[in-house]
Amino acid sequence: MKILGIESSCDETAAAVVEDGARVLSSVVASQMDTHAKYGGVVPELASREHLRAIVPVVRQALRDAGVDLKQLDAIAVTQGPGLVGSLLVGVTYAKAISFAASLPLIAVNHVEGHIYSVLMDAKSKGEEIALPALALVVSGGHTHLFSIAAGPAELGPVYKLMGRTRDDAAGEAYDKVAKLLGFGYPGGPVIDRLAPFGDPKGIKFTTARMKGNELDFSFSGLKTAVLRWVEKHDLLEEIRTRHAFVEQKRAKHESPTVEEWLTVTPTATLDLLASFQHTVIHELLHRTLASAEQMDARSVIVSGGVAANEGLRQAAARTARPRFYFATRTLSTDNAAMIAAAAYPKLLRGEVAGLALKAQASLPLAG
Ligand code: KG4
Ligand code: ZN
């Protein structure tokens, strides 16, 4: 069965064709990075406008790359939420239109469940089975959530339960805010990840908050404030201004800096700051994930979302003996539509079809 997935919840317009929930026949992602970079973050109004511009060519490209036309598809899957409502609306409206025009079933997918399926799909395509119960850490610019996943009754599919979540910023948001503060531009995760190995991760001691109530909840705003205090105390304004000017210069030329170039505008003390920040985030993520896995006796841990692309996090997870950690490839970790088509496959088999009254939902919890 071939499903066309459409994803437009944030700043990526994506379409993909996936066969039987595992074989990616095509996956097209049009990033709006250039549009938002000059504002240091996603501007919702600009995002919807860019989605409108991109949706038709992106879907056409995905069909062309897969070598199929609409008539050869079995369903259309679309991200219903959570996300920016104006962005979601573009994908949902377009998905409805083609499902109506081609008489194909329409399947609504939760973006967070999509991220979980990116890992399930990757494992399935390699012939691996992820043992349940599993714990999923979904960690991106918008989410930092821990869900337990248990096999449910066949007619209902997996059962998700929320184990922990961030009380304030998402981990990716903390990366983006710290990068912006230090003049590294947007998005922050990839740059900090590339530069962290050049600094001392123990150079600066950051303390993380102890959580009252649920010990499995995360918090990243204190760490962000600690970085801000450090910057103020060490008078980094001139250095940040120079780096910001360098970033703007590269952006104007549509180039992205190489590591060597970054190193010329980043002194050792700042590299230590980046390494220590990344070390603290990874510790926070892994510490609570392992505590949660132990509490529910998880047999596997799934890590997905943009921050799952982080090399430091992958290496630290690989050093954990038990339970076994599973990541998707980097391109499937960040927002894409293949994960949406993959999540839709079991729903199609179960007959969970949405009607044309489907509404985009900015807030759409996967589980309570
Ligand atoms: O899943 P995603 O593409 O979009 C959301 O649903 O939010 O995640 C984007 C987030 C951004 O905050 C970005 O800085 C972060 O993921 N990110 C990373 C890395 N690559 C992307 N964070 C840390 N390390 C990375 N290598
Ligand atoms: Zn996402």
Side-chain angles (χ1 to χ4, degrees), residues 5-14 16 27 29-33 36-37 40-42 44 47 51 79-84 87-88 91 109-119 136-145 147 165-166 169-182 184-197 220 223-224 256 259 262 274-275 277-286 302-317 327-340 342-343 362-364 366:
I6 297 177
E7 152 66 38
S8 70
S9 66
C10 190
D11 61 343
E12 257 103 27
T13 319
S27 180
V29 180
S31 168
Q32 306 177 0
M33 218 95 96
H36 302 289
V42 177
H51 283 303
T79 305
Q80 182 188 8
L84 301 168
S87 294
L88 290 164
V109 175
N110 182 306
H111 181 81
V112 175
E113 189 172 25
H115 274 303
I116 292 173
Y117 268 87
S118 67
V119 183
L137 168 66
V138 182
V139 63
S140 70
H143 321 272
T144 304
H145 287 75
F147 293 102
R165 61 177 171 82
T166 181
D169 294 346
E173 195 179 351
Y175 268 98
D176 295 337
K177 286 179 176 170
V178 163
K180 185 177 179 181
L181 168 73
L182 293 170
F184 283 100
Y186 171 85
V191 191
I192 296 181
D193 192 18
R194 281 164 82 199
L195 294 181
F220 293 101
L223 176 59
K224 178 191 65 191
S256 33
V259 171
W262 278 126
L274 296 181
F277 165 79
Q278 167 139 316
H279 177 78
T280 312
V281 173
I282 293 172
H283 178 80
E284 172 84 1
L285 291 174
L286 281 187
I302 285 170
V303 189
S304 57
V307 182
N310 189 275
E311 189 52 40
L313 178 62
R314 284 171 182 251
Q315 284 174 7
F327 288 78
T329 58
R330 278 189 181 70
T331 40
L332 287 178
S333 294
T334 49
D335 285 353
N336 66 87
M339 67 186 197
I340 303 303
S363 151
L364 185 66
L366 178 60

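First listed ligand is number 1; within each ligand, the first listed atom is number 1. Numbers here simply count residues along the sequence, with the first being 1. All figures in this text were calculated on a predicted structure; none of them were measured in a lab.
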Just let me know how E311 lines up against ligand 1, side chain, backbone, both or neither, with a heavy-atom cut-off below 4.0 Å.
neither
Test F147 against H145 for ring-ring contact (aromatic ring centres under 6.0 Å, His included), laying out the working first.
CA-CA 6 Å; F147 293 102; H145 287 75; 5.7 Å; yes
Side chains of D11 and Y186: does their closest heavy-atom pair fall under 4.5 Å?
yes
Do the side chains of V138 and L366 get nearer than 4.5 Å, heavy atoms only?
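No. Closest side-chain heavy atoms not under 4.5 Å.
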Parallel, tilted or perpendicular, as decided by the 30° and 60° cut-offs, for the rings of H283 and H279
parallel
On the 0 to 90° scale, with breaks at 30° and 60°, tag the F184-W262 ring pair as parallel, tilted or perpendicular.
tilted
Determine, using heavy atoms of [X] and all atoms of ligand 1, whether some pair is separated by less than 4.0 Å.
X	result
Q278	no
H111	yes
G142	yes

Looking only at distance, does G306 have an N or O less than 3.5 Å from an N or O of ligand 1?
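Checking ligand 1 against G306, an N or O pair does fall under 3.5 Å apart.
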Any nitrogen or oxygen of D335, side chain or backbone, less than 3.5 Å from one on ligand 1?
yes
Tell me, which N, O or S atom in D335 is closest to the Zn ion (ligand 2)?
OD1
Using 2.8 Å as a strict upper limit, say whether an N, O or S atom of H111 approaches the Zn ion (ligand 2) that closely.
yes
With a cut-off of 2.8 Å, does H143 place any N/O/S atom under that distance from the Zn ion (ligand 2)?
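Here the distance criterion (N, O or S atom, under 2.8 Å) is not met by H143, so no.
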List every atom of ligand 1 that sits less than 4.0 Å from any heavy atom of G141, numbering the atoms from 1 in the order shown and giving each element.
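It comes down to these atoms of ligand 1: 5 (C), 7 (O), 8 (O), 9 (C), 10 (C), 12 (O).
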Under 4.0 Å to a heavy atom of G172 - the qualifying atoms of ligand 1, by number:
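What qualifies from ligand 1 is 12 (O).
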Looking only at side chains, do D193 and Y175 share a donor and an acceptor under 3.5 Å apart?
no
Assess the side chains of Q278 and T280: does a donor N or O sit below 3.5 Å from an acceptor N or O?
no
Could you check atom 24 (N) of ligand 1 against the protein and tell me its nearest heavy-atom contact, residue, atom and distance included?
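Looking only at protein heavy atoms, the one closest to atom 24 (N) of ligand 1 is N310 ND2, 2.9 Å.
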Name the option, out of [options], that contains the heavy atom nearest to [atom].
atom	options	value
atom 22 (N) of ligand 1	G189, G312, A308	G189
atom 11 (C) of ligand 1	I282, V42, D176, V29	D176
atom 26 (N) of ligand 1	L313, D193, T334	D193

